[in-house]
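Read through the structure below, which is laid out as structure tokens, and then see the notes.
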Amino acid sequence: MNQKKNYFYGDLQNMKFDNSPTVDQVGIEERIARFNSRSIKKQSKIQGLKLALNMIDLTTLEGKDTEGKVRQMCYKAMHPADNIKGLPTVAAVCVYPTYVKIAKKELGNSGVKVASVATAFPSGNSTLEIKITDTKLAVNDGADEVDMVISRGEFLEGNYNFVFDEIAAIKEACGKARLKVILETGELCTLDNVRKASDIAILAGADFIKTSTGKIQPAATMPVTLVMLHAINDHYHKTGKMIGMKPAGGISTSKVALQYLVMLHETLGNKWLSNEWFRFGASSLANDIILQLGKEQMGAYYSKDYISND
Amino acid sequence: MKKEENITNEFFTDWKYAPAPESTDHIKLKKQYDLFINGKFVKPNSKKYFATINPATEEKLAEVAEANEKDVDLAVTSAKNAYDKVWKKMPVKERSKYIFRIARLMQERAREFAVIESMNGGKSIRESRDADIPLAANHFFYYAGWADKLDYAFPNKKPQSLGVAAQIIPWNFPLLMAAWKIAPALATGNTVVLKPAETTPLTALKLAELIRDSGLPDGVVNIITGFGKTGAAMVNHPKVNKVAFTGSTDVGKLIQKSIAGTNKKVTLELGGKAANIIFDDAPIDQAVEGIVNGIFFNQGHVCCAGSRLFVQENVADIVISKLKQRLETLIVGDPLDKNTDIGAINSKEQLNKINEYIKIGVDEGAEMYQSKCAIPSKGFFCRPTLFLHTSQSHRIVQEEIFGPVLAIQTFRTIEEVIEKANNIPYGLSAGVWTDKGSKIFNLTSKLRAGVVWANTYNKFDPASPFGGYKESGFGREGGLHGLMPYLSF
């Protein structure tokens, strides 16, 4: 399984992932500055914020998680703020495999999906056997989506085929569940690596590519997300197949969420503007969006004490 | 329990940015502007005024005076007097303070200047706010710093000021060009008569107000308005010691003819037709962004615009398809809307010229691609335009269009692209996109262009000299080099 890195130039198997285009960080940052100078006001702001709320994967991934905590979060997912008219639900709740069953039961047929992390989250340092078992546990308990982590150590060693094979194996174990592949970009360090890892994940069968576990800093950033969106764009134009994107961790304000949507809108277009193809992995973002949408509805900001913390 | 309300993408198939217009409430424009001579606004001897309009709405903004020969003589004489009696004698550190003060005032009034620049010139508020005005202020700051250090800039060379500088600037970056001209002239101890372009005089006249408010001694900077005739009178005036011109190559040639045989110093910054070169190892998505910035910045009204694109053949398809995709996200429209990427063409005359070239391109058999965006029915607008499959002998490849029109060629080898890039009467700027450092240095030494950008485009800084080769002119503006044309040694 563990093919060691081979510098031999004729090793075509390892060469096939070296076709990823290079990335210029300065250029990426300039493009981000352009996105962030967009002025999103009035109707486009309200629309954008509702969309962002509808794209959230409400997440709890802590050692101290309990059934009670998960149950409360599930209610919040379906009822972000009942005092404000016309709010959508969030897209999904994201939990550890052991809480999939309870989340599934709480969410019922509300349409809110259950996502489960798997594959020895967050480090991914375990055997394939355990990772597959982990995945199957989540899927058998009813997870609609599986968020796996790649083996960053193997990636940085240059064992791209190992990373590819692992993702492919987990994809198979997922069955009908959609697979999100977490690259943990904070550990990949360069944008060139992010691009390469994105290409590997997409080719290995990811339905979504995702930036981070939320356990490593920096988590999601706009530059990293843009590089991943470019990878998705290239794949789409080559094959016609759409891949989803999920920035996760660190996105906590409405303003930043709108900036991500502008980036998505101008990079992949309106086709991606739904929670089928874009998610925010976030826990505190929902309340900030509720605050802003409440302000739009009531004409003034109101105390955060009116917004439930779960 | 609330019912299923997961409305996903139904409420949301087309997200458009709501209009976000910059407010114009705080803008005060007079109905009529006179000539700024010897520290005061004075009526023109010609008694003639002409209208200046907003190219995005075709509405009149104000009337400005047309200076005749007599007015030019008054302005030059006042500059000469100010030079002899005040400015030449002033201690250098005092001169420096005045230039600093102009920079500070410009920063304080940046928003006002940005809005007027967009109203009068048609450029998007995003650019006037984020590029033109800050760069103009930075230019004054930068040269204020040099004013009292000339002896250190040119050790043992005894730098001396020249006298009166006649400066004629174009309509594409009105305030920025005024700053490029005035700041180094003042820092080197010269006095100035400046004429803005006839279509975009308002920010220069606002600058005149600002200079008056700054307390700069009367006559050190004179700003007069008019057409080509006014400019010719300035160039030919016997008391003028230095001519600085930015504009078309044709006018540049006329100026050079008319000053032949005099001892007037001259710098010319003229046209361009820059090559923007994309190699197969380039960061493709960023290169596409660089192509867009290169040709669509300021509606393509940029002398250093990357108007000839060279793409290596093995990546041509992908680059062009990405470029087309990017073109569709560009927003063309109201220059004052904060989300506008491409504003209005500066004048009807210019729009006609661009449309003529678009017709020439089609007639020459190049494949045209235009963005499908909507453009306003009133005002002068042009869709971003690509011409594919062009050749070196097409007129749209050889001649400067000065609009949002990009001519695209492909190449196979480095030698080929260097030859083609240099095969043009111009030589102002160029762009190179590659991941390989050695390739960048190879090209920068072989491309005959005053500025070569690597993995970026249209970057400006007051500390960096700017200027051309061949028919793009001579002399440098900006940086230490920008001081030299205003000094004798």
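The sequence lines fix the lettering, A, B, ..., with proteins before strands; numbering per chain opens at 1.
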Structural part of [X] lying under 4.5 Å from a heavy atom of chain A:
X      : value
B:D337 : neither
B:Q325 : side chain
B:A282 : backbone

Under 4.5 Å from any heavy atom of chain B - which part of [X]:
X      : answer
A:D192 : neither
A:V262 : both
A:L261 : both

Checklist entry - Taking every heavy-atom pair that is under 4.5 Å apart, which of B:N339, B:T329, B:D341 has the most such pairs with chain A? => result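 Of the options given, most contacts go to B:N339.
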Item to check | Top contributor to chain A contacts, counting heavy-atom pairs under 4.5 Å, from B:D285, B:I331, B:D130, B:I284 | outcome: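 Maximum pair count with chain A is reached by B:D285.
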Checklist entry - Once the angle between the rings of A:H265 and B:Y17 is folded into 0 to 90°, is it parallel (under 30°), tilted (30 to 60°) or perpendicular (over 60°)? => result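 Plane angle over 60°, so perpendicular.
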Next on the checklist: Looking only at the side chains, is there a donor atom on one of B:W433 and B:N276 sitting less than 3.5 Å from an acceptor on the other?
Outcome noted: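 Yes, B:N276 and B:W433 have a side-chain donor paired with an acceptor closer than 3.5 Å.
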Next on the checklist: Under 3.5 Å, is there a donor on one side chain and an acceptor on the other for A:Q292 and A:E296?
Outcome noted: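 Distance-only check fails for A:Q292 and A:E296.
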Checklist entry - Hey, would you say the B:F411 and B:F279 ring centroids sit under 6.0 Å apart? => result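 Ring centres of B:F279 and B:F411 closer than 6.0 Å.
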Checklist entry - Do A:W272 and A:Y236 make the cut of ring centroids closer than 6.0 angstrom? => result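 Yes, ring centres under 6.0 Å apart.
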Checklist entry - Counting heavy atoms not belonging to B:R383, are there more than 12 under 6.0 Å from its CZ? => result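 Yes - once you tally the heavy atoms of other residues, nucleotides and ligands closer than 6.0 Å, there are more than 12.
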With respect to chain B, which residue among [options] yields the maximal number of heavy-atom pairs within a distance under 4.5 Å?
options               : result
A:K45, A:R34, A:R195  : A:R34
A:R31, A:E266, A:H237 : A:R31
A:E30, A:K42, A:K41   : A:E30

Item to check | Test applied, side-chain hydrogen bond (donor to acceptor under 3.5 Å, both in side chains); reference residue, B:T434; option that passes from B:N455, B:D280, B:D281, B:N442 | outcome: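 When side-chain hydrogen bond (donor to acceptor under 3.5 Å, both in side chains) is applied between B:T434 and each of B:N455, B:D280, B:D281, B:N442, only B:D281 qualifies.
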Item to check | Minimal non-hydrogen separation, A:V90 against A:V112, with atom names | outcome: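 What the structure gives for the nearest pair is O-CG2, 3.8 Å.
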